[in-house]
Structures are given as structure tokens and as C-alpha cells.
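A quick write-up on the structure given underneath.
Computed over heavy atoms, backbone and side chain alike; hydrogens, waters and symmetry mates excluded.
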Amino acid sequence: MAFSTARREARELTRARRRPLISTEEREAYVMLLPWILGFLGFSIGPMIASFVLMFMNWELLTPPTWIGLQNLRHLVTDQLFWISLGNTAYFAFISVPLYLLVALLVAVALNVRIAGVNLYRLVYFIPSQTPAVANAILWLWIFNPEFGIANGVLSWFGIPPQQWFFDPVEAKPALII
């Protein structure tokens, strides 16, 4: 009996060893996350590390950076404007952030309460966020206008005839992408 239990445990152990370290789903998830991770490292963590290293350097952009250690920090601590700007930043952060959160919460609650005229309130609230998108769409329609659009004007400089852009099924998709 003990022999068969030991044999079963040995089989399970060898099966566990043959199993890949990560499953196919996990591997696919990592592949899908890779562009975001690279972007995060390149555009967030990378600049933070570079700023931290440059904090200990003297660099005037036209000359190579030279290591000066804590001299920049000593200068910063003794600069009166630094303490003023730090106080101003703290003032705005500790007052404006909670205030904005409170106002946003109140507006969200107000827009979801069943009262007379709530649709008018929603309209007034959302128009500023939608107006730039509509203006952007109208601007691109003017740019790709087949009669007087800027895109056809630029193409005419190169001897290319006017295109129909949004009115030709072949050219509509590339125009939408642009």
C-alpha cells in the first residue's frame, strides 16, 4: 500500500515537472501586455530614473554632464523660491484636489437624480466635452473636401488630381485613418 502511494506521488511529481512554467493563456497575456509595459518603462520609469541621475549632475545641454554630487540639492534647499513654490504646490494640491473630487461627486450625483430638467443639466454639462470632437470632425471634413480641401490642394502641387476621399469607397478608409 505504501509502495503504490509512493509510486503515485512520483508520477504526479514527474507530471508536474513536464508541465510548462506558464500556461499558454498566461504567455498570451504577457505578449498582449508587452507594448504597455514597454511604453510605461520608456515614457514613465525611464524619465524618472534619468531625472534622478541628472539631479546629481551639472549639465548645460551643450557640454557633457559632470558629476557634482549633492551640490544641486544643497543649492535647492537654500533657495528661498524653492520653499515658496513648494508651499504653493502643497496649497493647491491639498485644497484643489479634494475640492475637485467633491464637485465631481456632486455633479455625478446631480446628473443621476430623477428631477425635472435633468436632461438639460446633462446637456449643459456634456456639451463642453463633446464640442471639440465635433469641431475636429468638421475640420477634417473641410480638409478632405473634394472641391476645396487642403489635402487636394497639397496633392495638386505634386501634379496629383483631386481625390474624392470620403466619397470613394477605396479612399474612405485611408482618409478615416488619417
For A116 and Y121, the nearest pair of non-hydrogen atoms, with its separation, is O-CE1, 4.1 Å

* Side-chain heavy-atom pair T66, W59 within 4.5 angstrom cut-off -> no

Are V107 and I115 co-members of a hydrophobic cluster defined by side-chain heavy atoms under 4.5 Å apart?
yes

### Task
Please work out whether the ring planes of F56 and F52 are parallel, tilted or perpendicular, with thresholds of 30° and 60°.
perpendicular

Could you see if V170 belongs to whatever hydrophobic cluster contains I160? Use Ile, Leu, Val, Met, Phe, Trp, Tyr and a side-chain cutoff under 4.5 Å.
no

Would F144 and I150 satisfy side chain to side chain contact (heavy atoms under 4.5 Å, CB included), going step by step from the backbone distance to the final call? CA-CA 7 Å; F144 286 121; I150 296 171; over 6 Å; no

Here the gap from M48 atom CE to L41 atom CG, rounded to the nearest 0.5 Å, amounts to 11.0 Å

Here the gap from N72 atom CG to D79 atom CG, rounded to the nearest 0.5 Å, amounts to 11.5 Å

Measuring only between side-chain heavy atoms, which start at C-beta, is V118 closer than 4.5 Å to R114? no

Can you tell if the side chain of L105 reaches within under 4.5 Å of the side chain of L101, non-hydrogen atoms only? no

- Do we see a donor-acceptor contact under 3.5 Å between the side chains of W165 and N145? no

Closest non-hydrogen contact found for E171 with P174 is O-CD, 3.4 Å

query: Donor-acceptor pair, N152 side chain versus P146 backbone, under 3.5 Å?
result: yes

Under 3.5 Å donor-acceptor, D168 side chain and Q163 backbone:
no

Residues S44 and P47: closest non-hydrogen pair is O-CD, 3.5 Å

Check: Are F148 and W140 connected in a single hydrophobic cluster, I mean Ile/Leu/Val/Met/Phe/Trp/Tyr linked by side-chain heavy atoms less than 4.5 Å apart?
Finding: no

**Study point:** Transitive ILVMFWY side-chain link I143 to F167, under 4.5 Å
**Key:** no

query: Would you say the side chain of V97 lies within less than 4.5 Å of the side chain of F92, judging by non-hydrogen atoms?
result: no

Taking every heavy atom of P98 against every heavy atom of A93, the minimum-distance pair comes out as CD-O, 3.6 Å

- Query: Backbone N or O of A108 within a donor-acceptor pair of the N112 side chain at under 3.5 Å?
  - Reply: yes

Heavy atoms of other groups near L62 CG, more than 12 under 6.0 Å: no

Q | Candidate pair V77 and W83, rule side chain to side chain contact (heavy atoms under 4.5 Å, CB included), full reasoning | A | CA-CA 8 Å; V77 171; W83 294 108; 4.1 Å; yes

d(L38 CG, F43 CZ) to nearest 0.5 Å is 10.0 Å

>> Could you tell me if the side chain of Y30 sits less than 4.5 Å from the side chain of L34, heavy atoms only?
In response: no

Rounded to the nearest 0.5 angstrom, the CD1-OH distance for I95 and Y100 is 11.0 Å

Heavy-atom distance under 4.5 Å between the side chains of L73 and M55, does that happen here? yes

Distance col, row M32:CE vs E28:CD, nearest 0.5 angstrom, shows 6.5 Å

When clusters are formed by joining ILVMFWY residues with side-chain heavy atoms under 4.5 Å apart, either directly or through shared neighbours, do F166 and L155 land in the same one?
yes

Taken to the nearest 0.5 Å, the spacing of L54 CG from I49 CD1 works out to 12.0 Å

